[in-house]
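Bear in mind that the values here come from a model prediction, so they are computed numbers and not experimental data. For this chain, numbers begin at 1 and follow the sequence in order.
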Amino acid sequence: MTDSTLEQALNALPRRFPGPGGAAAVIKDGKILARHAWGYANAETRLPFTPASLFRMCSITKQFTCALLLDAFDDPTALDADVAACLPNLQEPPPGMLHLAHNQSGLRDYWAVAMLHGAPIESAFGDEESTRVISGTRSLHFRPGTSYSYVNQNFRLISDIVQNRLGRSFAELLQARVFDRFGMSRALLAADTRAMPDGTQGYEGSEATGYRPAVNNIYWTGDAGLGASLDDMIAWELAIDAQRDDPAGWYNRLSMPVSFIDGAPARYGFGLQRGRLFGREMTGHGGALRGWRSHRLHLAAERLSVVVMFNHMSEAHAAAATLAAAVLGETLTPSLGTPGNPHIPGIYLDSDTRLSARIEAEDARLRVGYTYPPEILENWRDDGAGTDGTRLSLRGEDLWMERPQENRSGWLKRQIAGEGTLDVAGRFHCDELRAQLSVVNAGGALYGGFSGMLGLGRMERLQPLSQDLWLLPCLRALDHSPPGAWTLSFQRDESGNVTGARVGCWLARDLFYRRMSD
């Protein structure tokens with residue numbers, strides 16, 4: 001690296017990732033190589049974006065929640081009974097505290113489930129709504145410890161339990177045991193997403209459509225409530241480097257290897273993603289809400305940390321990787337290759353989760369609409385696609401899918417694409433959630449919407465995949481990461497009558513809705 005290489009990468013960020021404002025920092029070998037901010041924290045009031053501007057860090061909060069957990073409790077499993085007490089209606093063995101911290105709980109994400117309860121897109125969601133959704137849990141979508149699924153309330157539960165055990169608010173505990181200790185002088189728990197104390201504003205939109213202030217009404221805590229400035233995050237990264245040689249150091253404990261119950265290595269633990277960047281081991285996390293995107297990454301062997309904050313919706317992860325590449329002398333080049341077997345693209349149904357998988361060719365890669373956002377698989381070849389992450393193997397007409405990041409594998413069964421039939425219209429009830437799905441034939445087009453204890457969800461036009469397989473779009477939700485699309489897999493009896501539907505998305509899988517009599 002040369003100074004000019006990093007300087008050029010920094011100066012290019014506003015152009016490559018356009019929006020009202022942003023900030024970035026690079027820390028190497030315990031020294032600040034870059035500390036840079038640009039644009040406006042609030043375009044309406046002309047408030048400049050500076051390294052001291054408070055920023056909504058969103059899910060980067062999760063590692064701070066786990067740092068507090070490990071600081072307060074040498075053995076987090078001592079809180080397992082507290083977790084069970086938060087799930088009074090669960091009808092199977094509950095997850096433990098470490099299952100929460102590693103996203104191995106088997107719980108369905110409460111922001112996704114809230115949409116099934118009819119939550120309007122920008123409605124208020126606070127402690128009362130959170131408690132109602134979490135305490136109403138009756139089943140899990142996998143056995144704790146066996147698999148991975150990103151679940152925000154895992155970390156809300158951690159923060160609630162820790163504050164109840166210690167008798168002080170989560171905000172006070174973070175301040176005393178984390179922020180003050182590590183020199184994060186402006187950091188705070190900014191639980192109310194409607195506004196930031198210093199007036200920093202998040203924005204939706206783009207250069208093409210224009211930018212508008214983003215509206216959020218969530219109240220969150222240990223899952224995503226951190227408010228911090230770039231200088232606060234620099235202090236966090238410097239503290240990480242300062243304790244690098246201490247095996248019992250707090251970040252070394254956070255980033256220690258974790259595994260699933262069968263011993264397979266897990267790629268998530270204690271609020272941190274584990275992965276590789278340019279062939280080097282990396283830990284880090286992203287954060288996002290409407291109007292806010294951030295990312296931090298740490299390469300321990302290189303003593304390198306990168307932090308990027310945008311008060312708009314540009315891809316902060318890509319920006320952080322760009323800065324890391326500049327420091328390490330690496331080049332970010334997409335893999336081109338050549339297109340593989342044209343028989344692989346198509347419509348599939350996961351035999352286990354009942355989730356649809358829409359696989360399309362995209363240049364020499366495959367675009368897989370299974371999770372949200374869709375995954376892009378490289379190394380598309382005659383017998384499959386994918387490498388380190390999701391892998392597909394063509395076996396006859398169907399695909400065998402391996403997802404080591406979730407410690408699971410299973411069949412994707414090919415479906416015959418079609419327009420679907422209108423007789424799936426009707427009212428459906430989910431006994432698990434005590435919520436409803438309405439599918440309406442509105443002049444020859446099917447629309448669907450959810451309703452329940454949180455209100456009436458908006459009606460969306462259903463998209464047919466095959467005769468009894470449909471998608472209900474959900475591209476805007478309470479949280480930044482929406483379900484994307486709910487799979488509606490309709491069931492019929494021997495006479496061909498529709499009896500129910502299995503409904504799910506990656507964040508909340510396989511809930512049965514029985515058809516109600518008209």
Start with the C-alpha gap between L488 and L471, add the side-chain angles, then the distance that decides, and say whether side-chain contact (heavy atoms from CB on, under 4.5 Å) holds. CA-CA 6 Å; L488 309 183; L471 296 180; over 6 Å; no
Verify side chain to side chain donor-acceptor pair (under 3.5 Å) between S314 and R293, making sure each step is shown before the conclusion. CA-CA 7 Å; S314 291; R293 296 293 293 272; over 6 Å; no
Before you tell me yes or no, could you show the steps for F428 and S438 under side-chain contact (heavy atoms from CB on, under 4.5 Å), namely the whole-Å CA-CA distance, both residues' side-chain angles and the distance that decides it to 0.1 Å? CA-CA 6 Å; F428 300 81; S438 298; over 6 Å; no
For L412 and L392, what are the C-alpha separation, side-chain angles and deciding distance, and is it a side-chain contact (heavy atoms from CB on, under 4.5 Å)? CA-CA 9 Å; L412 296 181; L392 302 177; 4.1 Å; yes
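Smallest separation of non-hydrogen atoms from I218 and T193: O-OG1, 2.7 Å. Taking both residues in full, the closest heavy atoms of A23 and F49 are given as CB-CE2, 3.8 Å, listed atom of the first, atom of the second, then distance. Nearest heavy-atom pair, P464 versus G420, reported as atom, atom and distance to 0.1 Å: CB-N, 4.2 Å. The shortest heavy-atom contact between S159 and T65 is N-CG2, 4.2 Å. Between M233 and A228, the shortest heavy-atom distance links the atoms SD-CB, 4.3 Å. A pairwise comparison of heavy atoms in A288 and C58 identifies N-CB, 3.3 Å as the closest pair.
Enclosure of atom CD in E207 by more than 12 non-hydrogen atoms of other residues, nucleotides or ligands within 6.0 angstrom is indicated. Residue-environment remark: CZ (R458) stays at or below the threshold of 12 foreign heavy atoms within 6.0 Å.
Residues E92 and S139 bring no donor and acceptor atom of their side chains to less than 3.5 Å of each other. In the model, N154 has a side-chain atom that pairs as donor or acceptor with a side-chain atom of N103 under 3.5 Å. Donor-acceptor pairing under 3.5 Å is lacking for the side chains of R186 and S229. Of the N and O atoms on the side chains of R274 and T283, not one donor lies less than 3.5 Å from an acceptor on the other residue. When only modelled atom types and interatomic distance are considered, H429 and Q436 share a side-chain donor-acceptor pair under 3.5 Å. Side-chain atoms of Q491 and R515 include no donor-acceptor pair closer than 3.5 Å. When only modelled atom types and interatomic distance are considered, S356 and R358 share a side-chain donor-acceptor pair under 3.5 Å. Using modelled atom types, one finds no donor on one side chain facing an acceptor on the other under 3.5 Å when comparing S149 with R108. A donor and an acceptor atom, one from each side chain of D479 and S481, are nowhere located under 3.5 Å apart. With hydrogens and angles left out, the side-chain atoms of E44 and Y203 include a donor and acceptor closer than 3.5 Å.
Put simply, the side chain of N217 never gets that close to the backbone of S123: no donor and acceptor are under 3.5 Å apart. With hydrogens and angles ignored, the 3.5 Å screen pairs no side-chain donor or acceptor of N42 with any backbone N or O of R46. Side-chain atoms of H102 come within 3.5 Å of backbone atoms of F270 as a donor-acceptor pair (strictly under, hydrogens ignored). With N311 contributing its side chain and Y40 its backbone, the two residues share a donor-acceptor pair below 3.5 Å. Between the side chain of T131 and the main chain of D127, a donor-acceptor pair closer than 3.5 Å is present. Using a distance-only test at 3.5 Å, with no hydrogens or angles considered, no donor-acceptor pair links the side chain of N497 to the main chain of D493. Although no hydrogens or angles enter the test, the distance criterion places no donor-acceptor pair under 3.5 Å between the side chain of R194 and the main chain of V215. A donor-acceptor pair is defined here as one N or O able to donate and one able to accept, closer than 3.5 Å; no such pair exists between the side chain of Q104 and the backbone of H99.
Side-chain atoms of T209 and Y211, non-hydrogen and from C-beta on, never get closer than 4.5 Å to each other. V368 is not listed as a side-chain neighbour of E360, based on a closest heavy-atom distance of 4.5 Å or more. Side-chain contact between P339 and W380 is present, with at least one heavy-atom pair separated by less than 4.5 Å. Between L437 and R427, every side-chain heavy-atom pair lies at or beyond the 4.5 Å cut-off. Residues T137 and N89 have side chains not in contact (no heavy-atom distance under 4.5 Å, counting atoms from C-beta outward). Y447 places none of its side-chain heavy atoms less than 4.5 Å from the side chain of V439. Between P404 and R267 the shortest side-chain heavy-atom distance falls below 4.5 Å.
Ring-plane geometry between H295 and H317 is classed as perpendicular, the angle between the planes exceeding 60 degrees on a 0 to 90 degree scale with a lower cut at 30. In this structure, H285 and Y268 have perpendicular ring planes: the angle between them is above 60°, well past the 30° mark. A perpendicular orientation is assigned to the rings of W486 and F450, their planes being inclined by more than 60° (bins at 30° and 60°).
Expressed to the nearest 0.5 Å, how far CD of Q153 lies from CG of D223 amounts to 8.5 Å.
With sequence neighbours excluded, the residues satisfying side chain to side chain contact (heavy atoms under 4.5 Å, CB included) with Q415 are I347, L349, K413, S466, L469. With sequence neighbours excluded, the residues that form a side-chain hydrogen bond (donor to acceptor under 3.5 Å, both in side chains) with R502 are D510. For A319, the side chain to side chain contact (heavy atoms under 4.5 Å, CB included) test picks out L13, F17, V308, F310, with sequence neighbours left out. Under the rule for a side chain to side chain contact (heavy atoms under 4.5 Å, CB included), the partners of S147 that lie at least two apart in sequence or sit in another chain are F142, E406, R408. Listed by chain and residue number, N441, L446 satisfy the side chain to side chain contact (heavy atoms under 4.5 Å, CB included) test with L422 (two or more places apart in sequence, or in another chain).
A salt bridge is defined here as a Lys NZ or Arg NE, NH1 or NH2 lying under 4.0 Å from an Asp or Glu carboxylate O, and R138 with E432 fails to meet this definition. Using a cut-off of 4.0 Å between Lys/Arg side-chain N and Asp/Glu carboxylate O, E375 and R403 are scored as salt-bridged. Look at E362 and R365 and you find a salt bridge, because one of the NZ, NE, NH1 or NH2 atoms lies within 4.0 Å of a carboxylate O, short of that distance.
Tested against F490, the residues V503, V424, T499 include a single side chain to side chain contact (heavy atoms under 4.5 Å, CB included) partner, V424.
Here salt bridge (Lys or Arg N to Asp or Glu O under 4.0 Å) pairs that include residues 463-476, with residues two or more places apart or in two chains, are E122-R476, E204-R476, D468-R492.
Taking the six-membered ring where the residue is Trp, the centroids of F125 and W220 are separated by 6.0 Å or more. Aromatic rings of Y370 and Y348 (six-membered ring for Trp) have centroids beyond the 6.0 Å cut-off, not under it.
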